[in-house]
Amino acid sequence: MLPYTVEVYFVSMANYNAAWFPTAAVATLLAVVALALALRPPPGREAAAARLILAILAAAWVWVGAVHQIRHMAALNFLAPAYGAA
């Protein structure tokens, strides 16, 4: 059981997207870069490509934990800060 209704969740996500609008485009661009590096790493630079992919993934997880869970979802779910910290 969710501690909120579907309508409340959708309004919350709309507010989150409105507040952080430009970052969605940056995140999409970084995802495409990571995918391209995973599928076709530059010859002789495989280790550097792997490190960049890991850095992009680490940044994404920090964003999800710190911004999405701790700053945004905490208003809806009292355990969100614990999820974000984890």
Side-chain angles (χ1 to χ4, degrees):
M1 295 295 292
L2 295 175
Y4 42 83
T5 66
V6 173
E7 291 82 13
V8 169
Y9 179 74
F10 285 151
V11 168
S12 176
M13 288 297 105
N15 292 338
Y16 171 79
N17 288 331
W20 297 102
F21 168 67
T23 57
V26 173
T28 302
L29 179 64
L30 287 173
V32 169
V33 168
L35 183 60
L37 286 173
L39 295 175
R40 289 184 181 255
R45 306 277 302 172
E46 290 85 3
R51 283 191 298 272
L52 183 57
I53 292 167
L54 290 174
I56 291 170
L57 289 173
W61 279 111
V62 167
W63 180 271
V64 167
V67 175
H68 188 262
Q69 289 295 324
I70 293 174
R71 288 192 66 201
H72 180 71
M73 289 300 291
L76 297 179
N77 187 346
F78 72 95
L79 283 176
Y83 300 150

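Only this structure's heavy atoms are used, side chains among them; waters, hydrogens and symmetry mates stay out.
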**Asked** In terms of hydrophobic clustering (I, L, V, M, F, W, Y; side-chain heavy atoms under 4.5 Å; direct or indirect links), are Val32 and Leu39 co-clustered?
**Response** no
**Item:** Minimum-distance pair of heavy atoms, taken over all atoms of Leu37 and Pro42
**Value:** CD2-CD, 3.9 Å
**Prompt:** Cluster question for you: counting only ILVMFWY and a side-chain heavy-atom cut-off of under 4.5 Å, with indirect links fine, are Leu52 and Leu57 together?
**Reply:** yes
**Asked** Is the closest side-chain heavy-atom distance between Arg45 and Arg51 below 4.5 Å?
**Response** no
**Item:** Shortest non-hydrogen contact between Pro81 and Asn77, atoms and distance
**Value:** CD-O, 4.0 Å
**Prompt:** Rounded to the nearest 0.5 Å, how far apart are CH2 of Trp20 and NE2 of His68?
**Reply:** 11.5 Å
**Prompt:** Looking at Ala34 and Ile56, what are the two nearest heavy atoms and their distance?
**Reply:** CB-CD1, 4.1 Å
**Prompt:** In terms of hydrophobic clustering (I, L, V, M, F, W, Y; side-chain heavy atoms under 4.5 Å; direct or indirect links), are Val33 and Val26 co-clustered?
**Reply:** yes
**Fill in**
The reported gap from CG in Leu29 to OG1 in Thr23 (rounded to nearest 0.5 angstrom) is 12.5 Å
**Asked** Which atom names give the shortest non-hydrogen contact between Gln69 and Ala80, and what distance separates them?
**Response** O-CB, 3.4 Å
**Asked** If you group Ile, Leu, Val, Met, Phe, Trp and Tyr whenever their side-chain heavy atoms sit less than 4.5 Å apart, what else falls in with Tyr83?
**Response** Phe78, Leu79
**Item:** In one Ile/Leu/Val/Met/Phe/Trp/Tyr side-chain cluster, 4.5 Å: Leu76, Met13
**Value:** yes
**Cluster overlap Trp61 with Met73, hydrophobic side-chain contacts below 4.5 Å** = no
**Message:** Which label fits Tyr9 and Tyr4: parallel for a plane angle under 30°, tilted from 30 to 60°, or perpendicular past 60°?
**Reply:** parallel
**Side chain Ser12, main chain Val8, donor-acceptor under 3.5 Å** = no
